[in-house]
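These notes concern the structure reproduced below.
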Amino acid sequence: MNGRKLAGLMLLLLLVVVYSFAGMLLAIHLLPDSKWAELIYYPVIGILWIFPAMKIIAWMQPKDPE
């Protein structure tokens, strides 16, 4: 495993931990006491972490020598 993949793995693990805690804290402090708000909030937050993860994974890939 090269250094870029190892660093990317560590970044992904850090992203998952920090993102989940941040999403939870936002939900605690910003969401009204409503099951409907939670029903919308958690799936949206659960999908949005994919975008920074995709950037990290793209960075981890070896560059094509051209």
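For clarity, every value in this text was computed on a predicted model and none was experimentally measured.
- Proximity of Met60 to Leu12: side-chain heavy atoms (C-beta onward) are separated by under 4.5 Å at one or more points.
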Show, in sequence, the C-alpha distance, side-chain angles and deciding distance for Lys5 and Leu9, and conclude whether the side chain to side chain contact (heavy atoms under 4.5 Å, CB included) test is met.
CA-CA 6 Å; Lys5 286 188 179 183; Leu9 175 65; over 6 Å; no
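- Minimum heavy-atom separation, Tyr42 to Ala27: OH-CB, 3.2 Å.
- Trp49 and Val17 fall into different hydrophobic clusters, defined by Ile, Leu, Val, Met, Phe, Trp and Tyr side-chain heavy atoms under 4.5 Å apart, directly or through other members.
- When hydrophobic clusters are built by joining Ile, Leu, Val, Met, Phe, Trp and Tyr residues whose side-chain heavy atoms come closer than 4.5 Å, directly or via intermediates, Ile50 is grouped together with Leu11.
- Atom CD1 of residue Ile40 and atom OG of residue Ser34 lie 8.0 Å apart, to the nearest 0.5 angstrom.
- Among all heavy-atom pairs drawn from Ile45 and Tyr19, the shortest one is O-OH, 3.0 Å.
- Nearest heavy-atom pair, Ala37 versus Leu31, reported as atom, atom and distance to 0.1 Å: CB-CD2, 4.1 Å.
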Tyr41/Glu38 under side chain to side chain contact (heavy atoms under 4.5 Å, CB included): CA gap, chis, key distance, verdict
CA-CA 5 Å; Tyr41 176 79; Glu38 290 178 9; 5.6 Å; no
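- By the rule that hydrophobic residues join a cluster once side-chain heavy atoms approach within less than 4.5 Å of another member, Trp59 and Leu15 end up as members of one cluster.
- Under a hydrophobic clustering in which Ile, Leu, Val, Met, Phe, Trp and Tyr are joined whenever their side-chain heavy atoms come within less than 4.5 Å, directly or via other members, Val16 and Phe51 fall into the same cluster.
- Taking hydrophobic clusters as Ile, Leu, Val, Met, Phe, Trp and Tyr residues chained together by side-chain heavy-atom distances below 4.5 Å, Leu48 does not share a cluster with Leu14.
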